[in-house]
Amino acid sequence: MLSNSVIQQLAAELHHSEQSRVQVEHFSKRHPEMTVEDGYAVSREWVKTKLAEGRTVKGHKIGLTSRAMQQASQITEPDYGTLLDDMFFDQGGDIPFTRFIAPRVEVELAFVLGKKLEGPNVTIFDVLAATDYVVPAIEIIDSRIEQFDRHTKQMRKVFDTIADNAANAGIVMGGRPVKPDAVDLRWVSALLYKNGVIEESGVAAAVLNHPATGVAWLASKLAPWGECLEAGEVVLGGSFTRPTSAVPGDTFHADYGPLGSIAFRFA
């Protein structure tokens, strides 16, 4: 386990990286003894810094929900991060590219909770009962920590991704909100267009067989910390497409069929 002083130092590096838009080198390379628990400790310390600056928690994100991504990261469960108020962007407009370092976008479903969800042993049925509505969402992920090491070219480890707030940086919600029992959420599908060309497509069942599965997992995962998912919070259930990179001027449009669409541009 990393010491408290090291955890605080790494959280400060993340904070400076976000502000300067200069990525830092892998934490796991500098601290090979780093664990998953250390990664979450760094992420929590970074969130504490943001809260001290006036930010507020608006929800959570779940990542690494696909079997392929878990195998690539050599883990057997998803990861999670925190959604802060300044990470939410309106659909249909311009999003300043200067807010990010190397943004990529993913297609997801967002669960907006009407009731508190508290673990352990939360089921998808508990999630559906506690959800006010589900709405299409695009997550903007980013890398304060280099994805590939500048010297060795090795890909970062899951400890780095977890420390980096599970790579979360932004969220855009839109389309048509639906009650969780109004549609079969497993079969919600989407087409992701970048500059008018279909880049990715997917179906929500690719997220742990049901997009509510990750939300149940997260509520149970937070229980040992004495935390829960609060009513009114937004929970991103996990991507069912691969990340798509972006540069200034790129336009994105996600078509969810009967659930509507989301569009925006990086300006």
Side-chain angles (χ1 to χ4, degrees), residues 21 58-66 68-69 81 83-112 131-143 147 165-180 182-208 210-212 214-215 233-267:
R21 298 180 66 217
K58 300 291 286 185
H60 308 269
K61 65 128 329 166
I62 302 159
L64 300 179
T65 51
S66 75
M69 288 300 294
L83 300 177
L84 301 172
D85 59 309
D86 64 342
M87 296 175 176
F88 286 72
F89 296 93
D90 294 332
Q91 68 160 338
D94 288 346
I95 295 177
F97 192 85
T98 52
R99 275 287 305 272
F100 311 99
I101 302 172
R104 297 179 291 166
V105 304
E106 296 180 333
V107 170
E108 313 203 10
L109 290 176
F111 290 73
V112 182
T131 298
D132 188 10
Y133 60 90
V134 179
V135 64
I138 288 181
E139 182 184 6
I140 303 172
I141 62 174
D142 203 3
S143 301
Q147 188 173 10
N165 197 36
N168 175 258
I171 172 177
V172 184
M173 297 192 297
R176 182 170 71 89
V178 295
K179 292 295 183 180
V183 297
D184 186 345
L185 294 176
R186 294 183 71 246
W187 295 106
V188 172
S189 59
L191 299 172
L192 178 64
Y193 295 79
K194 174 182 173 180
N195 300 325
V197 177
I198 296 176
E199 288 283 336
E200 287 290 336
S201 63
V203 62
V207 179
L208 301 171
H210 193 293
V215 183
E233 288 189 336
V234 176
V235 184
L236 281 171
S239 176
F240 47 97
T241 62
R242 293 177 300 180
T244 300
S245 61
V247 297
D250 279 345
T251 60
F252 286 90
H253 176 92
D255 183 357
Y256 289 78
L259 267 63
S261 62
I262 302 172
F264 64 89
R265 181 175 75 102
F266 281 109

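Just the heavy atoms: all of them, side chains too, but no hydrogens, waters or symmetry mates, feed the values below. Counting from 1, the numbers follow the sequence of the chain as shown.
Side-chain atoms of F97 and D250, non-hydrogen and from C-beta on, never get closer than 4.5 Å to each other. Between N165 and M87, the closest side-chain pair of non-hydrogen atoms falls below 4.5 Å. Side-chain contact check for E139 versus S239: every heavy-atom pair is 4.5 Å or farther apart. Proximity of I140 to F266: side-chain heavy atoms (C-beta onward) are separated by under 4.5 Å at one or more points. Within the 4.5 Å cutoff, the side chain of L185 has heavy atoms near those of the F111 side chain. Considering only heavy atoms from C-beta on, M173 comes within 4.5 Å of V234 through its side chain.
The two residues F89 and G170 have their closest heavy-atom pair at CE1-CA, 4.1 Å. Of all heavy-atom pairs between Y133 and T131, the closest is O-CG2, 3.3 Å. Residues P243 and E106 come closest through the heavy atom pair CG-OE2, 3.2 Å. Across all non-hydrogen atoms, the minimal contact from V203 to R186 is CG2-O, 3.3 Å. Across all non-hydrogen atoms, the minimal contact from I138 to A254 is CD1-CB, 3.7 Å. Taking every heavy atom of both residues into account, E108 and L236 meet most closely at OE1-CB, 3.4 Å.
Expressed to the nearest 0.5 Å, how far CD1 of I262 lies from CG of L192 amounts to 10.0 Å. Interatomic distance, S245 OG to K194 NZ, rounded to the nearest 0.5 Å: 4.0 Å. Between the CZ atom in R265 and the CG atom in D94 there is a gap of 4.0 Å [rounded to 0.5 Å]. Here the OH atom belonging to Y256 is positioned 14.0 Å from the CZ atom belonging to R176, to the nearest 0.5 angstrom. Note that the CG atom of L84 and the NE2 atom of H60 stand 10.0 Å from one another [nearest 0.5 Å]. Residue H253 holds its NE2 atom at 14.0 Å from CD of E199, rounded to the nearest 0.5 Å.
Under a 3.5 Å cut-off, the side chain of D255 and the backbone N or O of L191 do not form any donor-acceptor pair. With hydrogens and angles disregarded, a donor-acceptor distance shorter than 3.5 Å links the side chain of K61 to the backbone of A166. Here the side chain of R104 pairs no donor or acceptor atom with the backbone of A246 at under 3.5 angstrom. A donor-acceptor distance shorter than 3.5 angstrom exists from the side chain of D142 to the backbone of A102, with no hydrogens or angles considered.
Atom CZ of R99 is surrounded by more than 12 heavy atoms from other residues, nucleotides or ligands within 6.0 Å. Atom CG of D90 has 12 or fewer heavy atoms from other residues, nucleotides or ligands within 6.0 Å. Atom NZ of K58 sits in a sparse spot, with 12 or fewer heavy atoms from other residues, nucleotides or ligands closer than 6.0 Å.
Under 4.0 Å is where a charged nitrogen must lie from a carboxylate oxygen, and between K179 and D132 at least one such pair does.
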